Amino acid sequence: MNEITVQELKSKIDHKENFQLIDVRETHEYELGQIPGSKHIPMGEIMNHLDEIKKDVPVYLQCRSGARSGAVLNALTGQGYTNLYNVKGGIKAWSEEIDNNVKF
């Protein structure tokens, strides 16, 4: 599984690189806090939103700690996506390592 660290993600955000960040947590989790620029598509709804997931740029998938986003990555790979990366440690790592004001 391809992964990206929160430090690498922060660098890509800071450099305004072209990518898509998808948060697959449940709505009540997302409302607590999110990584800037993330698109919210809950894990259970992901297959109904394939048309919203880009195929021409890197797509970073994120959840609370990396487990659910890893499962989504595997499911989407089965749908033909080849541009997916799991955010290692998820929002928890983001809060601990990048911005402790982001709640999870």
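The residues of the chain are indexed from 1 along the displayed sequence. Just so we're clear, the structure is a prediction, and the values are computed from it rather than from any experiment.
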* For D14, salt bridge (Lys or Arg N to Asp or Glu O under 4.0 Å) partners two or more places apart -> K10
* Asked: Between Q20 and K54, is there a donor-acceptor pair closer than 3.5 Å when you use the side chain of the first and the backbone of the second?
  -> yes
* Asked: Roughly how far apart are T5 OG1 and I98 CD1, rounded to 0.5 Å?
  -> 7.5 Å
* Structure fact -> d(R64 CZ, R25 CZ) to nearest 0.5 Å is 9.5 Å
* Asked: What are the two closest heavy atoms between V6 and E97, and how far apart are they?
  -> CG2-OE1, 3.6 Å
* Atom of G66, atom of N86 and distance for their closest heavy-atom approach -> O-ND2, 3.1 Å
* Run the numbers on K39 and L21 for side-chain contact (heavy atoms from CB on, under 4.5 Å), then give the verdict. => CA-CA 6 Å; K39 177 177 185 62; L21 175 61; over 6 Å; no
* Pairs satisfying salt bridge (charged side-chain N to carboxylate O under 4.0 Å, His left out), at least one member in residues 67-80, at least two apart -> E29-R68
* To do: Would you check if there is a donor-acceptor pair between the side chains of N100 and S95 at a distance under 3.5 Å?
  => no
* To do: Output every pair passing ring-ring contact (aromatic ring centres under 6.0 Å, His included) with a member in residues 49-100, not counting sequence neighbours, ordered by first then second residue.
  => F19-Y60, Y60-Y85
* To do: Taking all non-hydrogen atoms of both residues into account, name the closest pair between I91 and K103 and its distance.
  => CG1-O, 4.4 Å
* **I22 with L32, same ILVMFWY side-chain cluster at under 4.5 Å** => no
* Within a strict 4.5 Å, meaning less than it, do heavy atoms of the I13 and I35 side chains meet? -> yes
* **side-chain contact (heavy atoms from CB on, under 4.5 Å) between V24 and Q62, worked out** => CA-CA 6 Å; V24 301; Q62 170 260 311; over 6 Å; no
* Asked: Do the side chains of L50 and L73 join up, straight or via other hydrophobic residues, at under 4.5 Å, putting them in one cluster?
  -> yes
* Asked: Where is the tightest heavy-atom contact between M43 and A71, given as atom of each residue plus distance?
  -> CE-CB, 3.8 Å
* To do: Apply side chain to side chain contact (heavy atoms under 4.5 Å, CB included) to T27 and list each qualifying residue two or more places apart in sequence or on a separate chain.
  => E31, H40, P42
* Using side chain to side chain contact (heavy atoms under 4.5 Å, CB included) as the criterion, list what pairs up with E96, not counting sequence neighbours. => K92
* Got a second to check how far S69's OG is from L84's CG, nearest 0.5 Å? -> 11.0 Å
* Asked: For H15, what residues pass the side chain to side chain contact (heavy atoms under 4.5 Å, CB included) criterion, not counting sequence neighbours?
  -> S11, E17
* Shortest non-hydrogen contact from Q34 toward D23 -> CB-OD2, 4.3 Å
* **Nearest-0.5 Å distance, NZ of residue K55 to CG of residue L76** => 9.5 Å
* **Between CD1 on residue I53 and CD1 on residue I46, distance to nearest 0.5 Å** => 4.0 Å
* Between CG on residue N2 and CG on residue N83, distance to nearest 0.5 Å -> 10.0 Å
* To do: Heavy atoms only: give me the nearest L9-V87 pair and the separation to one decimal.
  => CD2-CG2, 4.2 Å
